[in-house]
S.K.: 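Okay, handing you the structure first.
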Amino acid sequence: MQQIIDRRLAGKNKSIGNRERFLRRHKEQIRDAVRRAVEGRGIRDIAQGEDIHIPRRDISEPVFGHGSGGQREMVHPGNKDFVQGDRIERPQGGGGGGGSGQASDSGEGEDDFVFHLTKEEFMQFFFDDLALPNLIRTTLADTPEFKTHRAGFSSDGTPNNLHVVRSMRGAIGRRIALGSSSRRTLHQLEEQLEALRAQPATPERVLEIEQIEAEIEALRLRLEHIPYLDPIDLRYRSRVRTPVPTAKAVMFCLMDVSGSMDESRKDLAKRFFILLYLFLTRHYEKIEIVFIRHHTQAQEVNEHDFFHATETGGTVVSSALVLMEDIIQARYPRGEWNIYGAQASDGDNWHDDSPRCRDILAQKILPLVRYFAYIQVVEQEQNLWHEYATLADDSENFAIRKAAEVHQIYPVFRDLFKKEGAAT
Amino acid sequence: MSDTYDRRHIGRAASPAEYGGRRHAPPLRTPLPLKERPAARLPAPSDWTFELIEQYHDAIRATAARFGLDTYPNQLEIITAEQMMDAYASVGMPVNYRHWSYGKEFISTEKNYRRGHMGLAYEIVINSNPCISYLMEENTMAMQALVIAHAAYGHNSFFKGNYLFRMWTDASSIIDYLVYAKNYVAAAEERHGIDAVELLLDSCHALMNYGVDRYRRPSKLSLAQEQARLKEREAYAQQQVNEIWRTLPPRVERDEVEREAPRFPVEPQENLLYFVEKNAPLLEPWQREIVRIVRKIAQYFYPQRQTQVMNEGWATFWHHHLLNTMYDDGWLDDGIMIECLKSHTNVVYQPPVGHPAYSGINPYALGFAMYTDIKRICEAPTDEDRAWFPDIAGSEWLATLDHAMRNFKDESFVGQYLSPRVMRAFRMFAIRDDDTEPTLEVSAIHDEAGYRSLRESLSRQYDLGSREPNIQVWSVNLRGDRSLMLRHTQHNNRPLHDSAYEVMKHVARLWGFPVHLESVNAQGNVSRRWTVDPSTT
């Protein structure tokens, strides 16, 4: 039996399972690569794939093979001018030079094995690092939430959406339409009957009257049989799902860049900002990021300077808060913007400044922002922490956390995510 | 047929008794005549349709029948490029167990394909019954015709006819077996964890080339029988291991023990995976079964590794011959024919040594040239041919070709049939590389003095036995640390590659006790030694 089978729709991606195995095996290298990528990327570019380099020797599959040395003879095609007995210089590159037979797949070259990690896989590794709960992963990775709203009426739906007035109106119309011709005939017959009755009775007339009465009876019956309410009369409120209307948000990144913030602490802070950014991208279409760095003075900078420029000096945290408030007042009127703040610091502060920070936050900033998160990237508690801690206890939109490791970052947003998660 | 082969040449054809005596129909002596010329040439648009493929297939089948090509039933399947990459990744098989190395293969194939570094093969054909040929969606009509002729008739008849495939593979049960293997590995992963299974498979893959029986045909089993026998086998295999565990020697006098020092195994074993499966002391039954699965699959691919030139050459010869005949018979349009010939020319291109694209002898080119030349020797022999091939010069080409296809592997095929004319056409030359000499030597070229030595040397080049290091199980230390001794017998003093140490780690993982590898040179001295102790690594 000869046959042609169309397999094209039989499902591709049979190798996805094998690809997962591969990623699983090289998890460590990929995780490192993702870490490096996170360091190198801008906050806005985080949700992209990445090329991963893995050294060849790590993925080689060893088999027994011949090394160089010994005697061997190889036959080659394409002789130009050799004759028997000619002597040739040994090709450079040691014994590997002649080994065209064996070396093909064992990969002697030191080129890295490069492959592309898709966006989804990249985010998966990123989230793994941050120890995000699964529910949060889906909210971050999925399309934005939907809201249902009414959109006219439809002829099918669930009983709880039944629109009684519309349904009854439809029923009346149908009853009128279906019964009109019968009713018209009925009226005519009734008039005839009246006329006949008004005249003296003769046997023919009596017969005619009986006939008309029978017809009237039949028409009455027919009219009575028109249903009062028919399934086709029913009208339901129609509800459609539309994406939540998008709005604008601004995110303030505040970071201490005094000398004590080294690269690893900055990296921690960066992930903290990225996480907030990712959260915001799922909820707002337009997001602006304002970077404010501070030591004794605060200034607004671009992203590169924010993460990479180092400065030394003391620390006055309130300067950043003051600048943030100024910027909000100048550029982001509260009615139009959803304002989020994220502050990272090592907790160092000018001693007298910490109470002032608390006051600025409590009185000026927290009333303006939807959420303000603070992480301290070292364990040691100093006065800034204490001041913030008292404030965090009785503010709903203020969260603080200490995070010395990346996986400790997430809990600072827990309330934020929880709140949003409950709303959907 | 037995009088047509010449025992003076290298390599002896197998007699039917050696492969179980399955008989095949005798080959045609001359092609059958064309029944009637087609009324019109087949339509020749560049896009294919199912109806067109069917029409072409019918024409190709009819033409192949004229030459008496004996094939398994054909099953043509249309697949997409992605599916082709999937198939690539799992060594061409439609089902296979999961392993990261297939993922690696897939990733690199995909990357090369997407960047345009590499075209995909036009087809993949599976040695199964019915014979499955994958045709790629992207191919033009001409390419589909070429692929059908090449795979569904060329490769297919080779799979069915060649003695190695008849002896070593079971076309009717391979898909069943792979399904079984996939399910078994998946179940093992579930029970024992992905990591444990992955490590085991890594180790087995490292020894895959040493997991073949070279002299015994494996038994033929269906999926159902395989499963039914599994439990029995597991229990039995575990008992057998007790040989190594037996710590109480039979009561004998002490000096007698030392004098007799029983060897285990009694004779060196070349199938390392088989030895591991049956004798490794610490393996669990499921691990033995996985070793067995890898071994079986290695065995299935063993003939393919030995018949590259013959197999590809045969398929190329036949697509060329069938399409040309169809053109002459009035089936094929000029445009289709030109496109086929263009692809054919690309396939048989042999870049000369030193060319950037050179990577050894192109098996398609060599095989095609040799079959074509055999046909020529039969039909129009020269004096040289009569001197070299007295037995086939002037004989019927169909029968001679059929004999050549059935009864050889690359090594013996080259040894038997490589003609001076082909050597001249390829301008072959041999280079001897001796590490005791400062320079390489051109030992033979395509001239009267060099033909025989060239042919011998090329034949050796295709001998798996000399291409792969000869490593065998030498002994197991039954009385001491249960260590396993492997022995590498050097061929022409060629040493082992440094990756041997990595492979030995895999052997040690399978064996569970220390393993040693000795490399023995021609003088019988151990020139190098590797030892891996699993308890310390």
Side-chain angles (χ1 to χ4, degrees), chain A residues 1-26 59-80 82-91 95 98-102 104 106 113-116, chain B residues 50 53 73-80 82-83 86 89 98-104 106-107 111 137 205-206 209 350 352-353 359-361 426-435 439-445 449-450 454 457-458 461 469 471 492-500 502-503:
Chain A
M1 189 180 60
Q2 320 264 354
Q3 48 191 328
I4 303 173
I5 297 176
D6 190 355
R7 284 265 185 240
R8 284 174 294 178
L9 299 177
K12 49 188 177 185
N13 293 337
K14 264 199 259 177
S15 299
I16 284 294
N18 290 326
R19 186 184 164 97
E20 275 164 11
R21 292 291 150 87
F22 181 81
L23 296 184
R24 198 174 162 275
R25 183 183 176 92
H26 299 286
I59 59 162
S60 73
E61 297 164 85
V63 287
F64 285 125
H66 283 303
S68 57
Q71 299 94 42
R72 57 198 199 129
E73 206 167 44
M74 287 285 290
V75 175
H76 297 284
N79 179 20
K80 291 203 185 76
F82 292 136
V83 293
Q84 190 181 350
D86 277 0
R87 291 268 165 191
I88 314 169
E89 283 299 313
R90 217 176 274 278
S100 52
Q102 285 287 339
S104 54
S106 56
F113 183 84
V114 184
F115 70 99
H116 191 75
Chain B
F50 283 98
I53 289 185
N74 274 305
Q75 179 170 321
L76 304 179
E77 303 195 352
I78 310 283
I79 61 171
T80 62
E82 274 115 342
Q83 288 170 322
D86 284 343
R98 292 196 164 166
H99 189 251
W100 67 271
S101 62
Y102 304 141
K104 176 182 91 173
F106 177 74
I107 288 168
K111 187 183 68 184
E137 182 184 37
H205 284 188
N209 289 346
Q350 172 67 66
V353 66
S359 61
I361 292 178
F426 276 76
R427 303 190 69 79
M428 288 183 186
F429 65 108
I431 289 183
R432 180 175 296 137
D433 180 353
D434 188 335
D435 61 352
T439 52
L440 307 177
E441 183 196 1
V442 177
S443 56
I445 67 159
L454 259 186
S457 137
L458 188 60
Q461 206 166 308
I471 293 171
N492 287 336
N493 279 329
R494 295 184 62 189
L496 276 181
H497 192 264
D498 290 336
S499 63
E502 293 300 314
V503 186

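Computation of the quantities below employed the complete heavy-atom set of this structure, encompassing side-chain atoms and omitting hydrogens, waters and symmetry-equivalent molecules. Just so we're on the same page: letters track the sequence lines, and every chain starts at 1.
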S.K.: In Å and rounded to the nearest 0.5 Å, what is the NE2 to CD distance from B/His205 to A/Glu61?
M.R.: 7.5 Å
S.K.: Does the side chain of B/Val442 come within less than 4.5 Å of A/Phe82's, by heavy atoms?
M.R.: yes
S.K.: Identify which part of B/Ile471 has an atom lying under 4.5 Å from any heavy atom of chain A, answering side chain, backbone, both or neither.
M.R.: side chain
S.K.: By a 4.5 Å heavy-atom criterion (distance strictly below it), what part of B/Glu502 contacts chain A: side chain, backbone, both, or neither?
M.R.: both
S.K.: Let me know if A/His116 has heavy atoms under 4.5 Å from chain B in its side chain, its backbone, both or neither.
M.R.: neither
S.K.: Using the ring of each side chain (for Trp, its six-membered ring), is B/Phe429 parallel, tilted or perpendicular to A/His76, with breaks at 30° and 60°?
M.R.: tilted
S.K.: For a 4.5 angstrom cut-off between non-hydrogen side-chain atoms, does A/Ile88 reach B/Glu441?
M.R.: no
S.K.: Just wondering, do B/Ile78 and A/Ile5 contact through their side chains at under 4.5 Å, heavy atoms?
M.R.: no
S.K.: For chain B, which candidate among A/Pro62, A/Gly78, A/Pro77 shows the most heavy-atom pairs at distances under 4.5 Å?
M.R.: A/Pro77
S.K.: Applying side chain to side chain contact (heavy atoms under 4.5 Å, CB included), run through A/Asp6 and B/Phe50 and close with a yes or a no.
M.R.: CA-CA 9 Å; A/Asp6 190 355; B/Phe50 283 98; 3.5 Å; yes
S.K.: Hey, are the side chains of B/Asp433 and A/Gln71 touching, using non-hydrogen atoms and a 4.5 Å cut-off?
M.R.: no
S.K.: Could you walk me through whether A/Arg72 and B/Asp434 pass the salt bridge (Lys or Arg N to Asp or Glu O under 4.0 Å) test, one step at a time?
M.R.: CA-CA 6 Å; A/Arg72 57 198 199 129; B/Asp434 188 335; over 6 Å; no
S.K.: Rounded to the nearest 0.5 Å, what's the gap from CZ on A/Arg87 to CD1 on B/Ile431? Could you check?
M.R.: 11.5 Å
S.K.: Given 3.5 Å as the limit, does a donor-acceptor pair link the side chain of B/Asp435 with the main chain of A/Gly70, or not?
M.R.: yes
S.K.: Apply side chain to side chain contact (heavy atoms under 4.5 Å, CB included) to the pair A/Arg19 and B/Ile107, showing each step before the final yes or no.
M.R.: CA-CA 7 Å; A/Arg19 186 184 164 97; B/Ile107 288 168; 3.6 Å; yes
S.K.: Closer than 3.5 angstrom, by distance alone: can the side chain of B/Lys104 be matched with the main-chain N or O of A/Ile59 as a donor-acceptor pair?
M.R.: yes
S.K.: What are the two closest heavy atoms between A/Lys80 and B/Val353, and how far apart are they?
M.R.: NZ-O, 4.3 Å
S.K.: Less than 4.5 Å to any heavy atom of chain A: does that hold for the side chain of B/Ala206, its backbone, both, or neither?
M.R.: both
S.K.: Verify side chain to side chain contact (heavy atoms under 4.5 Å, CB included) between A/Asn18 and B/Phe106, making sure each step is shown before the conclusion.
M.R.: CA-CA 8 Å; A/Asn18 290 326; B/Phe106 177 74; 5.8 Å; no
S.K.: Could you have a look at B/Pro495, B/Ser499, B/Gly103 and say which one has the most heavy-atom pairs with chain A under 4.5 angstrom?
M.R.: B/Pro495
S.K.: For residues A/His26 and B/Trp100, determine if any side-chain heavy atom of one lies less than 4.5 Å from a side-chain heavy atom of the other.
M.R.: yes
S.K.: If we only count heavy atoms from C-beta on, is the A/Glu73 to B/Ser443 side-chain gap below 4.5 Å?
M.R.: yes
S.K.: A/Arg21: what forms a side-chain hydrogen bond (donor to acceptor under 3.5 Å, both in side chains) with it, not counting sequence neighbours?
M.R.: B/Glu189
S.K.: For B/Tyr102, which atoms come within 4.5 Å of any heavy atom of chain A: side chain, backbone, both, or neither?
M.R.: both
S.K.: Between A/Arg7 and B/Glu77, is any pair of side-chain heavy atoms under 4.5 Å apart?
M.R.: yes
S.K.: Inspect the contact between A/Glu20 and B/Arg98 and indicate whether a charged nitrogen and a carboxylate oxygen are less than 4.0 angstrom apart.
M.R.: no
S.K.: About how many Å separate CZ of B/Arg494 and OG of A/Ser68, when rounded to the nearest 0.5 Å?
M.R.: 9.5 Å
